[in-house]
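Take a look at the structure below.
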Amino acid sequence: MTYVYFPGCSLTSTGRGYHESLQEVCRALEVPIQELEDWNCCGATSYMAVDESKAFALSARNLALAERLGNGSTQMMVPCAACYLGLNKAQHYLQEFPAIRGKVDKALAAAGLAYSGRVQIRHPLDIFIKDIGRDKIAARVAKPLAGLKVACYYGCQLVRPYAEFDDQHNPTTMETIMTVLGAEVIDWPLKTRCCGGSLTGTIEDVGLRLSYIILTEAQKRGADLVATACPLCQFNLECYQGKMNGRFGLNGKVPVAYFTQLMGLAFGLSNKSLGLNRLFVPLPERRAVAAGGGAHVRG
Amino acid sequence: MEKWQGWDKIQYEAGLDPHFGTKIASIPGGDKLLACIQCGTCSGVCPLSPYMDYTPRQIVAMIRAGFKAEVLSSYTTWLCASCYSCTVECPKEIKITDVMYAVKRMAIQEGVYPKRFPTPVLASEFFHSVEKTGRSTESWLLVRMYLKTNPFKMLKQAMLGFNLWRRGRMGVGVESIKRKDELHRLFTAMENETRAERRAGQEVRP
Amino acid sequence: MSKPKVGFYWCASCGGCEEAVVDLAEGILDVVAAVDIVFWPVALDFKRSDVEALVDGELAVCFINGAIRSSEQCEMVELLRRKAKAVIAFGSCAQLGGIPGLANESSRAAVMDEAYKHAPSVDKGNTVEPIPHITVPEGKLELPVLWETVKTLDQVIDVDYYLPGCPPPVELIGNALKAILSGQLPPKGTVLAPDIALCEHCDRRETKPDKLSVKQFKRPHLTAVDPKECLLAQGLLCLGPVTRDGCGSPCIKANMPCTGCLGPTSNVRDYGAKALSAIASTAGANDEKEMEKILAGIVDPVGTFYRYSLPASFLHRRYQPTARGGK
Amino acid sequence: MSEPTQRSDSFEPRIVAFFCNWCTYTAADLAGTARMTYAPNARVVRVMCSGRLDPQFILAALRNGADGVLIGGCHPGDCHYQEGNYKALRRFILLKRMLASFGIEEERVRLEWIAASEGEKVQRVINEMTDTIRRLGPLRLEPLPAEAAEGHGQKVAVHGGAV
Amino acid sequence: MSAVNASPNGTPKVGVYVCHCGINIAGVIDVTKVVEFAKTLPNVTVAQEYKFMCSDPGQELIQKDLKDGKIDRVVVASCSPLMHEPTFRRAMAACGGNPFLFQMANIREHVSWVNKEKGSATEKAKALVAAAVRRVVFHKPLQKTQVPVNSDVLIVGGGISGIHAALTMADAGRKVYLVEREPTIGGHMAKFDKTFPTLDCSACILTPKMSQVRAHPNITLWTYSEVAEIEGYVGNFKARVRRKPKYVDEGLCVGCLECIEACIFKKGKFKDEFNVGLSLRKPIYVPFPQATPLVAVIDPETCAFFRTGKCKQTCAEVCERKAIDFNQKEEIKEINVGAIILATGFKTFDASRIARYGYGKYPTVYTSLEVERLVNAAGPTGGEVLLPNGQKPKAVGIVHCVGSRDEKTNRYCSRVCCMYSLKLAHLIHERTGAEVYNFYIDMRTPGKGYEEFYDRLMKENVHFIRGRVAEVSDWAMTPEEEGKLVIRAEDTLVGAVRRIPVDMVVLSVGLEPQPDADEVRRRFNISCSTEGWFLERHPKLAPVSTFTDGIFLAGACQGPKDIPDCVAQAGAAAAEALAMIDRGHVELEPNTAFVTEEFCSGCKTCVPLCPYSAISFDTSKNKAVVNGALCKGCGTCVAACPSGALQQNLFTDEEIFNEIEGVVKYV
C-alpha cells in the first residue's frame with residue numbers, strides 16, 4: 001500500500017533535513033510513498049487564529065485530494081507535528097460538528113472537490129511502529145547507534161490532543177525505535193513539553209526560555225543528543241543555541257536531529273542523503289558511534 | 001507591557017459585556033466553558049503562563065464574567081503556543097486552546113489586539129500569504145513580520161537567516177501551489193457561507 | 001308461512017367457498033327444502049334486476065364470499081346489504097381479505113402492470129389495459145374499476161356474522177345454517193366458529209414439549225416431516241396456536257402445518273402481529289446474532305403471518321410513502 | 001375531539017414510547033429529576049417489562065397516528081425479570097423485518113436499552129428520534145376502510161379517523 | 001366510542017385531579033387548561049386542580065368525591081407513579097375504594113421538568129391525562145396478595161456499615177447472616193489510624209463492635225465468603241453462599257498464631273493486602289492482630305505446599321488443635337432470608353491512572369490509604385512517617401481530588417477526601433514536624449465539627465493552596481528543587497503558578513464503586529447509578545431501599561460516605577428491614593398474569609417464557625396455569641399468548657390499547 005505523503009511548508013525549507021531523511025528511510029524500509037500532488041498549507045496554528053472555518057477548508061482540500069488517490073482508504077503520512085494536528089483537528093471537527101461539515105462540503109463542491117472522511121492521518125512514528133514493525137527496522141540496522149544516549153523529544157502537537165498511536169503523557173514510540181537502532185534512551189519528564197513554537201520567532205525571550213529548559217534538562221540527564229519528530233521543534237532547539245548560551249548560560253552545544261536522520265544513520269545511509277550537512281550542531285562523530293562501546297563524543 | 005495597573009480595581013456592571021461569555025461558548029463544543037470550576041489546572045500545566053498578564057484560568061473567569069475589553073487586549077492569548085496541554089488536562093474538558101483561538105479571532109476582527117505585538121502580526125501575515133499562494137514561505141513571512149513590528153530586530157536575525165540559507169534551509173523564492181484558482185473558489189465559497197450564516201443570525205461565533 | 005329467502009354471492013374469490021356449499025352434499029337438499037334461494041349466480045340463473053326487484057330486507061340472510069376490490073363488487077354487496085336482514089361474511093376472503101388480500105403488498109399500479117404488461121402470457125409488443133369507459137357504436141360501455149386495495153367485506157358494508165376458513169369447513173356451514181333456520185343466532189358480530197385456538201383439538205397435542213425452544217425454522221418441502229410429532233416442535237411454522245379451531249385440522253392431518261385460514265380468536269386484534277409474537281417468542285436464543293439466524297428461517301414474514309388477513313390488519317396494506325403529505 | 005395545536009409550518013412527530021418500569025421508565029424519571037430538557041414529542045406508556053410488548057401494540061400505535069415507536073428496556077443481562085428484554089428483542093428482530101416489507105422506514109421503530117441511571121440516554125434518544133422522524137416526515141397511513149364504516153365488524157374496531 | 005361502552009362495570013365515573021406541585025408543574029403546564037380538557041373526556045365526572053395533590057387536603061379531595069359517589073375511579077396527574085402511586089392508592093383504600101381503580105399521569109418528571117415550552121408541555125400533559133382516563137375505565141378491582149416473611153436477614157459486607165446493621169438486627173432478635181469476602185471483617189475502617197474530626201482511634205471504636213459480632217448469638221459470621229446466587233423475592237429469598245477454604249478449621253483454631261511462627265518462610269515475603277502492599281506477610285497469616293474471626297488463613301497462591309506439593313507442613317505440625325486442613329474444600333451454604341442488606345463498600349481510585357502525579361513512578365508518591373497505614377501505630381512503620389530511605393519528610397504535599405471532579409475519571413466529589421486530607425495533614429505534621437501543603441480545588445467540610453477542624457489545621461500552620469495540582473515531577477528549575485519532587489499548581493488565590501519542592505506526596509484518592517459492583521448488582525437484581533454506585537429507590541424518600549423490594553443499601557456501596565454517615569445509613573437500612581420483617585408479611589403488587597381457561601388452547605407457548613417457572617401445564621385440563629405467588633408480573637407470557645387467553649392484571653391488552661390510543665389521539 002502506498003502512503004500519500006504530505007510534507008507541509010516547513011519541510012520544504014527549515015525542515016528540509018526531515019524531508020530528505022524521511023524519504024531515504026522509507027526507501028530503505030521499502031515503504032512506498034507518493035507526495036500529495038499540489039498540496040497546500042494545512043491551515044495550522046497561526047491560520048486558525050484568524051479564520052477557523054477557512055483553516056478547516058484548507059485542511060479539507062488536502063484531505064479531498066488525498067482521498068481521491070486512495071481506493072476508499074487513503075493512508076496519509078504527515079511528518080510535521082503542526083500539520084498532523086491541523087489535519088487531524090479538521091478531520092475531528094468535520095465528524096463532530098455537522099454545521100462545519102455542511103459548510104466545508106459546500107465550499108469543496110464549489111472548488112470541484114469532495115471529501116467523505118475516509119483519509120487516515122498517520123505520523124511516520126505511528127507507521128513505522130504499527131505498520132512496518134520493529135523487526136523490519138531492526139533487520140535494516142547496519143551500524144547500530146551503540147553507546148549513543150538519546151533524549152527523545154516529541155514536542156506538544158504530535159501527541160496532543162488527537163494522536164491515538166501513543167500515550168499522551170508518556171509517549172514511547174520514538175524510544176522504541178531508538179532502542180531498536182541500538183541507542184540508549186534517557187528517561188525524562190519533558191518529552192512533550194512545548195518548545196516555544198512560533199514564539200521563538202515572535203517573542204524571542206519567551207520562546208528561547210522554553211527551548212532552553214528542554215535542552216538543559218536533556219543535558220542534565222546525560223543525553224548526547226535530542227531526537228525530534230517536528231520541524232519547528234528541531235529548528236527552535238537547534239538553531240538558537242548560540243543565543244541561549246548568551247542569555248541563559250546554556251552549557252555547550254546539544255545536537256538535535258530528526259529521528260529519521262538517526263534511523264538513516266543506523267541503516268548506514270550517507271550523511272548527505274540524510275541532510276545531516278544541514279545541521280547547525282553536528283552529530284557526534286559517526287566513527288565513534290558506529291564503533292560502539294560508549295565512545296560518544298559531545299558536540 | 002508597561003501596564004502599571006490591570007484596570008480600575010472596581011468593575012462596574014455597565015462596563016462589562018454580559019454576552020461575551022455565551023458568545024465565546026458558542027464555538028463548537030464550547031458550552032463546557034460554562035462549567036469551569038476555576039481549579040487552575042490549565043495555568044498549572046501551561047508552559048507559558050509565567051509570562052502571561054493573566055493566567056489562562058483568569059482569562060476563563062473573565063470571559064464568563066464579561067470582561068471583554070480586558071480579555072481582547074490581554075497578551076495572554078497571544079502568548080498561547082497552542083500546545084494543547086490545558087485542553088488535554090482540563091478536568092471539565094474545556095477546549096481551552098480553542099477558546100484562546102476564539103479570543104484571538106475576535107480580537108483581530110475587532111482590531112483590539114495589542115498593537116505592534118509580533119504574534120498577531122505573524123498570524124495575519126501567515127494568513128495572507130497562504131490566502132494568496134496556498135502555502136507559507138517561512139523566510140518572507142518572518143521578513144514581513146519584522147518589518148511590521150520591529151525592523152531593527154530583523155538585522156539581528158540576519159545572521160541566522162544567512163546560516164539557514166547557507167545550509168539550504170531557507171529559500172528566497174515564494175512557495176506556491178499550482179491550482180490557485182481552485183483554492184480561491186474554495187475560499188470564496190467559504191466566505192459566502194460564513195456571510196450567509198451571519199445574515200441568518202446563526203453565526204454567533206467570533 | 002313462506003320459506004325464508006336466501007342469497008349467495010361471490011366477490012374476489014376463487015370459487016372454493018361455493019364448492020364448500022356444494023360440499024354440504026345431502027345436507028344441501030335440506031337447505032334447499034328449508035329455504036328459498038333467490039340469488040346464487042354461480043349455480044342458478046338470476047339477474048341483478050331480480051335482486052333489485054326485492055323489497056329491502058326481504059332476504060332473510062345473504063352469504064357473501066370473496067374480498068372486495070372493484071366498484072362492481074361494492075355496488076353488489078351494498079345492494080345485497082339493503083335487501084338482506086343479515087349478511088354473513090363467508091370465508092377468509094370476505095372475513096379478513098384472504099389470499100387476494102396479499103395483493104395489498106403491492107400497489108394497484110404494480111398489479112396492473114404485472115397483469116397487463118409483464119405477465120409471460122402478454123404479447124409484449126401489443127399490450128392493452130382495461131379502461132373503465134369506452135364508447136362503441138352500440139353505445140357507452142362501462143367496466144368495473146379496480147380499487148387501489150383489497151378490502152374485507154366489513155370494510156365496505158355492515159356485516160352480521162362471519163364464517164371463517166378457506167373455505168369454511170362444512171360442519172361450520174351446517175351449524176350456521178341450522179342456527180339461522182332455528183333463529184337461535186348469537187350476538188351480532190360473532191364469528192360462527194369455536195373461540196379457541198386449533199391446538200385445543202390437535203391430534204399431535206401430546207407431543208408438544210412443555211418448554212419448546214426452536215433452534216431452526218424449516219420449510220415443509222425441504223424437510224422430512226414426522227407424521228405424529230407436533231409440527232412446531234419439528235421447527236415447522238405451524239400457526240395452529242394462533243388460529244381459530246373448527247376446521248378439524250385437515251392440513252395437520254395431511255402432515256402440513258396450519259397456515260391460519262380461520263383467522264384469530266376474538267381476543268386478538270391483529271392476527272399477523274400476534275402470530276409473529278408467539279412464533280418469535282419460541283426462538284431459542286438469547287444472543288442477538290443467534291436470534292437473527294434462527295428468525296432468518298422465516299423467509300417472508302408478511303406472507304407467512306398475514307397470508308389470509310392482510311386487509312384486516314392494522315396496517316392494511318404496504319405503506320405508500322408517496323401518499324405521504326406535508327413534507 | 002381535541003387535537004394538539006400544531007404549528008402549521010413544521011411537522012411535530014408523535015412518538016409512542018413503551019418504557020419498562022425498572023430501567024427506562026426510571027431513567028426517564030431521572031431525566032426529569034435532573035431537569036434534562038428534551039423534545040416533547042415522545043409520550044410514555046409504562047409497561048413492567050419490555051417483554052410485555054406485544055407487536056400488536058406497536059402496530060396499533062402506528063395505526064392510531066404515531067409517527068414512530070420507541071421501545072426502551074433494560075440492557076441485556078440487566079432485566080429485572082431476568083430475560084424479558086431478550087424476548088422483546090426476539091420479537092423486535094422479526095417485527096423489524098416485517099415492517100420493512102410493509103415499506104415502513106426502519107428508523108420509525110426503535111429499540112434501545114436504557115438503564116435506570118441513563119437519564120441522558122433518554123434525552124439523547126428521544127431527541128435523536130424526534131429529529132430523524134421530523135426528517136422522514138409524518139407517517140401517513142391511509143385510513144382503514146373500516147373507519148368509514150365504523151362500528152361494524154367482528155374485530156374490535158380501531159377507533160377514530162385519520163389524524 | 002365502543003371502547004368506553006365496553007367498560008366492565010356499567011358506566012364508569014372517573015375523577016381527574018391535576019396537581020400543581022407548587023410551581024414544579026404549574027410553572028410549565030397550564031393546569032387549568034388540562035382540567036378543562038379533562039372535563040370534556042368521556043366518563044369524566046369530576047376534574048379539578050390542586051396545589052399539592054399528595055398533601056392531606058389533596059388526598060381528601062379524592063376521598064370526598066369517592067364517598068359522595070361522584071366518582072368510582074381516579075386519575076391523578078402529578079409526579080411519577082414510582083413516587084406517589086402508593087400514596088394515592090392508600091388514600092382510595094382508606095375510604096373504601098379499590099386502590100387499583102387508579103392511574104397516574106406522570107406530568108412532572110415526564111413533562112414539566114423536561115420541557116420549557118408551555119404550549120407543547122400542556123399538550124403532552126393532556127395526552128397523558130387522556131391516556132390515563134381511557135385506561136382507568138378498564139381497571140378492575142384487585143386485591144394485593146400477602147406472603148409471609150422469613151425473619152432472617154442476610155447482610156453482605158462486613159465493613160463498619162455491615163457490622164452496624166448486623167448488630168442492630170441481631171440485637172432486635174433477628175437471625176443475621178453476615179457474609180464478608182475478606183478473611184476478616186472490619187473493612188476500610190480497620191485500616192485507619194484516627195477518625196476525623198474527633199481524632200479518636202479507629203481501632204478503639206471499631207474492634208469492640210467486631211468482637212460483638214463474633215460473640216453475638218444471633219449472628220452467623222461467614223468471612224472469606226461470597227454470595228454466589230440469589231433466588232426468590234421479598235420476604236422469601238434463597239441465597240447460596242460460597243465459603244472459600246481457609247485451610248484452617250475455624251472451629252478449632254484459637255488464634256494462637258503459632259502456625260505463622262512455624263511457617264517454613266522465616267520472614268514475610270508476599271505483599272500484605274491489609275497494609276496495602278507496604279509490608280510483607282507469609283503464606284499463612286492473619287490480616288491484623290484484631291482480625292475477626294482471629295483465624296489463620298493459608299493463601300494457596302503463595303503457600304509452598306499448594307504450589308509445589310512439597311513442604312514440611314511445619315504449620316500443621318505445630319498446631320496442637322490440628323486446625324490446619326490442607327484438604328479443606330470450598331463449601332456452598334444455602335440459606336433462606338426475608339431481607340438482604342448490601343453493605344459492600346467501595347474501593348479507592350487507582351492513582352496510577354493519572355500519569356502526571358507520578359504514582360508508581362516516584363517511590364515517594366503515596367496514596368492516602370497507604371499513608372493511613374504509615375501513620376497507624378499498628379502499621380508497617382509502627383506509626384512513624386518514614387520515606388523508603390528511612391528518613392522523615394521535611395515537606396509534604398497533599399493533593400486533593402485525585403480521580404474526583406474530573407470528567408475523565410470520576411465526575412463526582414468523593415466527599416470524604418477533604419476531611420481525611422485534613423486529618424492526614426494533622427497526623428503527618430504532628431509526627432514529623434514537616435511543612436504540609438494541601439492543594440485543593442474547594443474545601444468541603446460540611447459536617448458536625450468539620451469546619452472547626454479545618455480551622456484548627458489552618459492555625460496549626462498547615463499550608464492551603466487553592467489550585468488543582470498540574471503535575472508532580474522531578475525536574476528541577478532551582479538548586480532547592482534538586483533531588484526533590486516538585487508540585488506545580490496555580491495558586492489561584494494569588495493568580496500565580498507555584499512550584500513547591502517536597503519530599504513526599506500524598507494523593508488523596510477518591511472513592512469508587514467496587515470493581516465487581518456491576519456483577520453484584522446483577523446478582524441481586526438492583527440498579528446502579530451512572531457512576532456505578534448502587535441505586536437507591538429515591539434519593540430523598542427511600543435512600544436505603546432499592547427498586548427490588550426486600551433489598552436495602554447501607555454505607556458507601558450507595559455512594560461515597562464517611563463513617564458517621566455509613567453508620568447512620570446502616571441503622572436506617574436495619575430499621576427498614578426490621579419494619580418489613582416485623583410486619584410478618586409483605587403485600588405483593590397484584591400485577592400478575594392470569595389465564596382465562598375458556599380461551600386457552602393449551603399450546604404451551606407461554607410455559608418456557610416464564611423465568612420464574614410460574615406457569616405450569618395442567619395436562620388433565622389441557623390448560624396453562626399461572627401460580628400467582630411465583631409470578632412477578634413482567635407480562636412476557638401475555639405478549640406471547642397467541643390467543644389472548646393470558647392477561648396481566650393492571651396491564652391487560654385492553655388497558656394498554658386504550659392507553660396507546662389516548663397518548664396518540666388524546667380523546
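Chain letters run A, B, ... following the sequence lines, proteins first and then strands; every chain starts at 1. Model, not experiment: these values are computed from the prediction.
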From [X] [atom1] over to [Y] [atom2], what is the distance, rounded to the nearest 0.5 angstrom?
X: E/F617; Y: C/K208; atom1: CZ; atom2: NZ; value: 9.0 Å
X: C/D210; Y: E/T619; atom1: CG; atom2: OG1; value: 8.0 Å
X: E/S643; Y: C/K274; atom1: OG; atom2: NZ; value: 8.0 Å
X: C/I196; Y: E/N622; atom1: CD1; atom2: CG; value: 8.0 Å
X: C/T282; Y: E/L609; atom1: OG1; atom2: CG; value: 8.5 Å

message: Under a 4.5 Å cutoff for heavy-atom pairs, which residue among C/G284, C/P209, C/S277, C/P241 has the most contacts with chain E?
response: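 Most heavy-atom pairs under 4.5 Å with chain E: C/P241.
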message: Is there a side-chain contact between E/K604 and C/R205 in this structure, where contact means two heavy atoms from C-beta onward sitting under 4.5 Å apart?
response: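 SC-SC contact between E/K604 and C/R205 ruled out.
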pair E/S613-C/K211: side-chain heavy atoms closer than 4.5 Å: yes
query: Is chain E contacted by the side chain of C/P194, its backbone, both, or neither, given a heavy-atom distance below 4.5 Å?
result: neither
query: Is it the side chain or the backbone of C/S281 that comes within 4.5 Å of chain E heavy atoms, both, or neither?
result: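 Contact with chain E is through both the backbone and side chain of C/S281.
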Where does [X] contact chain C at under 4.5 Å (heavy atoms): side chain, backbone, both or neither?
X: E/F599; result: both
X: E/C637; result: neither
X: E/E598; result: backbone

query: C/A278 and E/A640: which non-hydrogen atoms are nearest, and at how many Å?
result: CB-O, 3.3 Å
Please indicate whether [X] has more than 12 foreign heavy atoms, meaning atoms of other residues, nucleotides or ligands, lying under 6.0 Å from its [atom1].
X: E/K238; atom1: NZ; result: no
X: E/K118; atom1: NZ; result: yes
X: E/Q143; atom1: CD; result: no

statement: Exactly one candidate in E/S601, E/P642, E/C641 meets side chain to side chain contact (heavy atoms under 4.5 Å, CB included) with C/V242; the answer is E/P642
